[in-house]
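Structure first, then comments.
Just so you know, ligand 1 is whichever comes first in the structure, and atom 1 is the first atom listed for that ligand.
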Amino acid sequence: MQTKKTILSASDLYYSYLNEDTGEHLSVLKNITFEILEGEFVCFVGPSGCGKSTILKILSGLEKSTKGKVNIEAKKIAMVFQNSALFPWLTVRENIAFGLKMENINKSEIDKIVTEKINEVGLSGFEDKYPIELSGGMKQRVGIARALAISPDLLLMDEPFSSLDILTAEKLRKELLDIWVKYKVTIVMVTHLVEEAVELADRIFIFAPRPTFIEEVVSINLDKPRDKRSQEYYDQVDKISRQIKT
Ligand SMILES: Nc1ncnc2c1ncn2[C@@H]1O[C@H](COP(=O)(O)OP(=O)(O)O)[C@@H](O)[C@H]1O
Ligand SMILES: [Mg+2]
């Protein structure tokens, strides 16, 4: 049997911060240990405010853990945020090109990659618009295109579809699955929607209330794309929903 490589692991992560008002140290993460394999799609679910975004920030290097170790074998990491975090003064095309310009790639190559990503995420015709002129769904598309433009082998996503209407979110989830299949990129996605996690993930990490730890890991062994009307799908959603403590 071929064993897959670990692309990302965390061992015994702790995170606490100082509450300036009370002078107390507030514990957010305790004893977070996991391994994620190359090509896996992992979703983090758990109660609001438990520390899921904090873990992603630590994994991406935006935040430093108080204790413990993160080991990243990925060559390139990209992150997608809930609010897309676009540069308002740059057009769609310029936003997507941003990471590539940092990488010192020549202009014609950048143009080629950006055009490819624009087509891939359905942004044709919007190239020269500014973020303020775009709907929420379109902004998320730009955020995803910008992340994909640098050809990441690890994509960290923090509630990327949470601010979108149901139909747009549904469409973007399907497109993300196509991208995951096409590029074999490893994806770690935070979501508060169990339905979304069961639709997309190979494994779901269920986090406990703060200070959080991994309460349970559930493997979803259903072929993708998944039939959301199937009994198995419904059973998994139901079981996991009941496992999340608030
Ligand atoms: N440096 C910090 N300063 C103040 N509060 C923080 C800090 N880091 C984390 N928190 C708090 O820790 C908790 C966990 O946050 P977060 O990771 O955003 O949760 P989640 O993404 O699961 O909703 C929240 O209550 C947040 O306000
Ligand atoms: Mg969060």
ask   = Where do Leu123 and Val142 land on the side chain to side chain contact (heavy atoms under 4.5 Å, CB included) test, with the steps shown first?
value = CA-CA 8 Å; Leu123 281 168; Val142 180; 3.6 Å; yes
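- Salt bridge Lys69/Asp12: absent, no basic N to carboxylate O contact under 4.0 Å.
- Heavy-atom separations between Tyr15 and ligand 1 include at least one value shorter than 4.0 Å.
- Residue Ser48 has no nitrogen or oxygen atom sitting less than 3.5 Å from a nitrogen or oxygen atom of ligand 1, judged on distance alone.
- The existence of a salt bridge linking Glu73 and Lys5 is excluded, since no basic side-chain nitrogen approaches an acidic carboxylate oxygen closer than 4.0 Å.
- Here Glu63 has no heavy atoms under 4.0 Å from ligand 1, in either its backbone or its side chain.
- Checked against a 3.5 angstrom limit, the closest N/O atoms of Val28 and ligand 1 fall outside it.
- Less than 4.0 angstrom separates atom 21 (O) of ligand 1 from at least one non-hydrogen atom of the protein.
- Those atoms of ligand 1 that come under 4.0 Å of a heavy atom in Arg210, given as number and element, are 12 (O), 13 (C), 25 (O).
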Practice prompt. Before giving the answer on salt bridge (Lys or Arg N to Asp or Glu O under 4.0 Å), spell out for Lys112 and Glu116 the whole-Å C-alpha distance, their side-chain angles and the decisive distance to 0.1 Å.
Written response: CA-CA 6 Å; Lys112 192 172 141 251; Glu116 187 185 294; 5.3 Å; no
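- Counting only heavy atoms, the protein gets under 4.0 Å from atom 14 (C) of ligand 1.
- Annotation: Lys52 places an N or O atom under 3.5 Å from an N or O atom of ligand 1; distance criterion only.
- At distances below 3.5 Å, at least one donor-acceptor pair connects side-chain atoms of Lys52 with backbone N or O atoms of Gly46.
- In terms of protein heavy atoms, atom 16 (P) of ligand 1 is closest to Thr54 OG1, 3.6 Å.
- Using a 30° and 60° split on the angle between ring planes, Phe87 and Phe98 fall in the tilted class, from 30° to 60°.
- Between Phe44 and Phe207, a ring centre-to-centre spacing shorter than 6.0 Å is recorded.
- Taking a 6.0 Å sphere around NZ of Lys228, one finds it holds more than 12 heavy atoms contributed by other residues, nucleotides or ligands.
- The number of heavy-atom neighbours closer than 6.0 Å to NZ of Lys224, taken from other residues, nucleotides and ligands shown, is above 12.
- When the shell of 6.0 Å around CD1 of Ile132 is examined, it contains 12 or fewer heavy atoms from other residues, nucleotides or ligands.
- Salt bridge present: Lys107 and Asp111 bring a charged side-chain N and a carboxylate O closer than 4.0 Å.
- Under the 3.5 Å distance criterion, the side-chain polar atoms of Arg146 are matched with a main-chain donor or acceptor of Ser84.
- The shortest heavy-atom distance from Gly49 to ligand 1 is under 4.0 Å.
- The protein non-hydrogen atom at the shortest distance from atom 18 (O) of ligand 1 is Ser53 CB, 3.6 Å.
- Protein N/O/S atoms closer than 2.8 Å to the Mg ion (ligand 2), listed by chain and residue number, are Ser53 OG.
- Atom 19 (O) of ligand 1 has as its closest protein heavy atom Gly51 N, 3.2 Å.
- Tyr17 OH, 4.6 Å is the protein heavy atom nearest to atom 26 (C) of ligand 1.
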